[in-house]
Amino acid sequence: MEEKLIIEIYRKKDPEELTRLLAEPESRLDLGSAAALAAADACAMGLRGAKLAAAGASGEERMDYILRNLEKLREYMVYLIDEDVKCRSMLRRAEKKGNAREIEAARRPACCICEEIINQMGNTLDLLSELADMGKQGGMYISAAVHMSMAAMQSAMAFVLDMSAKSSDDNYVFVTRRENEITLEKFSTVSEAILTKLNQ
């Protein structure tokens, strides 16, 4: 009898099962999947805050843009839960074979979803900064979204830094570490500015 190919879709799982799998070291889910889930939560809270802010906002066209893009980002982050599993498939295969050269070659592609989460959380923070400029309506949720965005970004960075640290290419290790330090400094400043606006 022909064996059926079974593809597991993790983003469709309920929170209990998803978080249980994230806790298992042998699970195909890893830190990038957890970062994507945190990023989706950040976008959801930002979207909730934006909907509350929209009720009292004057710039309707710009608010529509923010609402639309936060929703797109929320959907995209949920989608990335499974994409993170896929992007690490080459690394998993190389590790099973124990081929050092293939493992080295697979490390950078294994980081691509985490790097995307970092980039998109930067875009999310830019949208949250605009919301904070519009007033304090929905401020509690916008504030929570800022903290969650940074947590998602830092979690994704942790994976990238761990992967790069295992590389035999010293230049790659140095550049990756420095790029992430600069990114974190930049968005820490952005997040602090948003929170300051909301608390004034």
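We number each residue from 1, following the sequence as shown.
A cation-pi contact, defined as under 6.0 Å to the ring centre and within 45° of the axis, is absent between R68 and Y65. Geometric assessment of R28 against the ring of Y10 yields a negative cation-pi assignment under the 6.0 Å and 45° thresholds.
L70 has its side chain within reach of L131: a pair of non-hydrogen atoms, C-beta onward, lies under 4.5 Å apart. Using a 4.5 Å heavy-atom cutoff, the side chains of N180 and T176 are in contact.
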Pairs of donor and acceptor atoms involving the side chains of residues 138-161, under 3.5 Å and at least two apart or interchain, shall be tabulated with distances.
residue: Y141; atom: OH; partner: R48; partner atom: NH2; Å: 3.4
residue: S149; atom: OG; partner: A145; partner atom: O; Å: 2.7
residue: S155; atom: OG; partner: A151; partner atom: O; Å: 2.8

Give every donor-acceptor pair under 3.5 Å between a side-chain atom in residues 120-127 and any protein atom, sequence neighbours left out.
residue: Q120; atom: OE1; partner: N123; partner atom: ND2; Å: 3.0
residue: Q120; atom: NE2; partner: E116; partner atom: OE2; Å: 3.1
residue: T124; atom: OG1; partner: Q120; partner atom: O; Å: 2.9

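Within 6.0 Å of the CG atom in D170, the count of heavy atoms belonging to other residues, nucleotides or ligands does not exceed 12. Around NZ of K51, the count of heavy atoms belonging to other residues, nucleotides or ligands within 6.0 Å does not exceed 12.
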For side chain to side chain contact (heavy atoms under 4.5 Å, CB included), just list the numbers for K166 and E104, CA-CA rounded to whole Å, side-chain angles, deciding distance to a tenth of an Å, and then say yes or no. CA-CA 8 Å; K166 294 170 182 172; E104 179 73 19; over 6 Å; no
Under the criterion side chain to side chain contact (heavy atoms under 4.5 Å, CB included), I'd like the reasoning laid out for M63 against L67: C-alpha separation, chi angles, the key distance, then a yes or no. CA-CA 6 Å; M63 182 60 82; L67 288 164; 4.0 Å; yes
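Just one of M163, M90, R88 meets the side chain to side chain contact (heavy atoms under 4.5 Å, CB included) condition when paired with P109; it is M90.
Not counting sequence neighbours, the partners of E83 by the salt bridge (Lys or Arg N to Asp or Glu O under 4.0 Å) test are K86.
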